[in-house]
Amino acid sequence: MNDLWESTLLRLQRTISPEAFESWIADIEFGGLIDGQLTLRVPNSFQLEWVHNNYESLVLELCQEEARYTSHAAPTSIALTIDADLQARATAARSTEPARAPSQRAPLSSIQGGRLQTPTNGLLASRPSFAPHATFAPQSTLPQPPPVADLNPMYSFDNFVVGPSNQLAHAASVAVASSPGTRYNPLFIYGGVGLGKTHLVNAIGHTVLANNPGASILYLSAERFTNEFIWSLQNHRIAQFRERYRSHCDVLLMDDIQFLAGREQTQEEFFHTFNALHHANKQIVVTSDVYPQQIPEMEERLISRFQSGMVADVQAPEVDTRVAILRTKAAGEGIQLSQEVAHYLAQVVKSNVRELEGTLTRLAVLAKLRQRPIDMDLAREATRTVMPQLEQITSVEDIQRAVCEYFGVRMADLKGKKRTRSVSHPRMIAMYLCRERLGTSYPDLGSRFGGKDHTTVLSAYKKIGRLLEENDDKVLDAITAVDRKLGL
Ligand code: ADP
Ligand code: MG
C-alpha cells in the first residue's frame with residue numbers, strides 16, 4: 001500500500017507550499033491501511049498536532065482521490081501516531097548534514113518506500129544497514145496503547161429511570177450484572193442515539209465490580225477496539241492484545257458495535273475474541289444502534305452470535321418517563337424543577353434523553369445567569385435554542401393541533417373529507433406548515449391527513465405559498481399565530 005502513500009505525497013507536494021511540505025509532511029511515514037484507517041507515523045507530538053489541525057483533511061482527501069485513480073481501497077479516516085524512532089533518525093540525520101534551506105526540497109523522483117528521502121540528508125548513507133522500522137525500533141521507544149477507558153461513574157442503575165420504553169433492556173442488564181456469564185450471554189442492547197445504551201452497560205460494569213471487586217471488566221467502544229487492534233498489529237503486540245481481550249477479561253462491554261461495519265479484519269478478530277470469552281463463560285454485552293440483522297456489512301456468523309443470547313431494545317421514552325428522567329436528573333444536580341416545567345420540557349423535547357438533559361442544563365445555566373428561579377418563561381426561553389431540530393421536537397400532530405385550535409375546527413374534520421372552506425382552508429394551511437417547517441414528504445403528509453393523495457398536499461402547499469407571496473393578510477396572520485403557538 002506504500003505506493004498509494006507515495007502518490008499522495010506527490011500530490012501533496014504539488015498542493016502545498018514547499019516550506020510547508022518540507023516542514024510538516026516530508027518526514028511522515030506510512031504506517032498501514034487497515035479497515036479504511038490510514039495510519040501515518042509522525043516524529044513528535046508537536047508535529048502530530050499541527051498536521052492533525054492543518055493538513056489531516058487535505059491528506060485524507062488527496063489520498064481518497066488517489067485511491068480512486070489507482071483503484072486502491074480508499075481510506076476513510078486517518079490515525080496519526082508518534083514514532084519516537086523517526087525523531088531519533090531525523091535528529092541523527094540533521095547532525096550529519098549541513099543545514100538545509102527549506103526550498104531545497106527533494107525532487108519528486110526521490111520519494112521512495114513510503115517516506116521521503118532527500119538525496120542530501122545522508123540518511124541511507126549514514127545507515128547502510130537500515131532495517132524496516134519495526135525491527136529497527138528499540139522496544140522502549142514503542143508507543144504504548146492507551147489504557148482501556150474507565151467506566152463512567154455517572155451511569156448507574158440507581159439513576160436509570162425505567163419505563164415501558166427500556167424495561168426489557170433494563171431487566172436484562174440487571175440480570176446480567178447480578179450473575180454475569182450465566183444467563184443472557186451475550187446481551188445485545190440496541191436502539192437510537194441518546195436512549196441509554198451506554199448508561200446501561202456502564203451500570204452493568206459498576207454492579208459486577210461492586211459484587212466482585214476483583215473482576216476484570218473491559219468497557220470500550222468498538223471504535224477503540226478497532227484502533228487498538230490496528231495499533232497492536234502494526235506494533236507487533238497482537239499477542240498482548242489477544243491476551244488482554246481473550247484471557248484477562250471477565251466481562252467485555254463493547255459499545256457501538258456498528259462501528260465494525262465493513263471492517264473485515266477487525267470483525268474477524270472480534271469474532272475470535274467473542275468465541276474465546278463465550279467459551280470460557282465470560283459475559284459479553286454489546287450495544288448497537290440497530291438490530292443485529294440490520295448492521296450493514298457485518299459478517300453473518302457474528303450476527304448469529306449476537307442473536308444467540310438476549311436481544312433487547314431501548315426505545316424513545318414516552319412522556320411520563322421523560323418527566324421522571326428530568327426530575328431524577330434535576331434532583332441529582334440540585335436543580336429546582338416544578339412539575340409544570342418538567343412537563344413542559346418533556347413535551348417539547350421528544351427525540352432523546354441526551355437532548356432532554358441538554359435542555360435541563362441550559363435551563364439551569366440560564367437561571368443562574370439571570371439569578372432567577374426556573375419558571376415557565378425561562379423554560380420557554382431555554383427551549384428556543386432547541387428549535388433548529390424542529391422535526392424532532394415539533395411533530396405533524398403538533399401543527400395539526402395548533403391549526404385546529406387557531407381556526408376552531410375539530411381534528412377529525414381537519415383530517416376528514418369535508419370540502420367546505422371553513423375546513424379546507426385550515427387543512428391547507430396545516431399541510432403547508434408541515435411541509436415548510438418539518439419538511440415531511442407529500443405522500444407522508446397525505447396519509448397523516450386522513451389518507452389523501454400526495455397531489456392534494458402538493459396543490460395545497462402551492463396554493464398557500466401563492467397566497468403568502470400575495471401578502472394575504474389572513475393567511476399571514478394564521479401562520480404567524482400558529483408558529484408562535486408552537487414556539488417556531
Ligand atoms: P446511548 O448510548 O443510547 O446513545 P446514553 O446511554 O449515552 O445513550 O444516554 C444519553 C444520556 O441520557 C446519558 O447522560 C444518560 O445518563 C441519559 N439517559 C438515557 N436514558 C436514561 C434513563 N432511562 N434514565 C436516566 N438517564 C438516562
Ligand atoms: Mg452510547
Side-chain angles (χ1 to χ4, degrees), residues 148-177 186-208 217-227 251-261 284-292 294-295 306 310-335 337 342-343 345-346 348-365 386 389 392-393:
V148 168
D150 291 330
L151 294 168
N152 186 329
M154 306 292 286
Y155 297 161
S156 68
F157 283 128
D158 288 344
N159 61 8
F160 188 85
V161 177
V162 186
S165 55
N166 55 33
Q167 209 161 22
L168 182 65
H170 174 261
S173 300
V174 170
V176 158
L187 169 61
F188 188 97
I189 303 175
Y190 75 95
V193 264
L195 298 180
K197 301 181 295 295
T198 297
H199 190 135
L200 280 175
V201 287
N202 274 273
I204 294 174
H206 287 307
T207 308
V208 173
I217 298 181
L218 293 181
Y219 164 75
L220 77 168
S221 66
E223 178 170 6
R224 183 160 188 138
F225 182 83
T226 303
N227 289 341
V251 176
L252 179 64
L253 306 167
M254 176 77 72
D255 219 353
D256 294 318
I257 198 79
Q258 72 275 1
F259 184 83
L260 296 193
I284 302 156
V285 182
V286 173
T287 76
S288 157
D289 60 353
V290 287
Y291 189 74
Q294 290 170 341
I295 307 175
F306 294 153
M310 167 78 164
V311 178
D313 65 336
V314 283
Q315 299 279 344
E318 43 301 298
V319 67
D320 290 344
T321 312
R322 296 203 293 275
V323 171
I325 290 173
L326 278 170
R327 295 184 72 82
T328 308
K329 295 277 167 197
E333 289 170 30
I335 301 170
L337 194 70
H343 260 279
L345 294 181
V348 174
V349 185
K350 297 172 179 164
S351 52
N352 71 51
V353 182
R354 193 170 292 135
E355 197 78 42
L356 202 59
E357 286 180 354
T359 312
L360 179 65
T361 309
R362 200 161 34 241
L363 188 55
V365 170
V386 192
Q389 288 134 11
Q392 293 177 349
I393 56 160

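No experiment lies behind these values; they were computed from the predicted model shown. Just so you know, ligand 1 is whichever comes first in the structure, and atom 1 is the first atom listed for that ligand.
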Where ligand 1 meets K197 - atom numbers and elements under 4.0 angstrom, heavy-atom basis:
1 (P), 2 (O), 3 (O), 4 (O), 6 (O), 8 (O)
Which ligand 1 atoms does K329 reach within 4.0 Å, using its non-hydrogen atoms?
16 (O), 26 (N)
Between Y190 and the options V311, V286, D289, the side-chain contact (heavy atoms from CB on, under 4.5 Å) test singles out V311
Between H199 and Y155, what is the ring plane arrangement, given parallel below 30°, perpendicular above 60°, and tilted in between?
parallel
protein heavy-atom neighbour closest to atom 18 (N) of ligand 1 works out as V353 CG1, 3.2 Å
What's the shortest distance from atom 15 (C) of ligand 1 to any protein heavy atom, and which residue and atom give it?
H199 ND1, 3.3 Å
Ligand 1 versus E357, non-hydrogen atoms closer than 4.0 Å: side chain, backbone, both, neither?
side chain
Would you be so kind as to tabulate the donor-acceptor pairs closer than 3.5 Å made by side chains of residues 160-175, with sequence neighbours excluded?
{"residue": "N166", "atom": "OD1", "partner": "G163", "partner atom": "N", "Å": "2.9"}
{"residue": "N166", "atom": "ND2", "partner": "V161", "partner atom": "O", "Å": "3.1"}
{"residue": "S173", "atom": "OG", "partner": "A169", "partner atom": "O", "Å": "2.7"}

Sub-4.0 Å heavy-atom contact, G194 with ligand 1
yes
Closest non-hydrogen protein atom to atom 21 (C) of ligand 1, residue and atom name please, with distance?
F160 CE1, 3.7 Å
If the cut-off is 4.0 Å to any non-hydrogen atom of G192, which atoms of ligand 1 fall inside it?
3 (O)
Note, I217 side chain near L253 side chain (heavy atom, < 4.5 Å):
yes
Have a look at ligand 1 and work out which part of V161, if any, has a heavy atom under 4.0 Å from it: side chain, backbone, both or neither.
both
Atoms (protein N, O or S; no water) under 2.8 Å from the Mg ion (ligand 2):
1
Atom 7 (O) of ligand 1 [closest protein heavy-atom partner, distance rounded to 0.1 Å]
R354 NH2, 2.7 Å
Polar proximity ligand 1 side, L195 side, N/O cut 3.5 Å exclusive:
yes
Check N166 against ligand 1 and report side chain, backbone, both or neither, counting heavy atoms closer than 4.0 Å.
side chain
V193: numbered ligand 1 atoms lying under 4.0 Å from its heavy atoms:
4 (O)
Ligand-side contact atoms (ligand 1) for residue partner N159, heavy atom cut-off under 4.0 Å:
24 (N), 25 (C)
Would you mind listing which atoms of ligand 1 come within a distance below 4.0 Å of any non-hydrogen atom of G196?
1 (P), 3 (O), 5 (P), 6 (O), 8 (O), 9 (O), 19 (C), 20 (N)
I257 versus F306, closest heavy-atom pair with distance
CG1-CZ, 3.8 Å
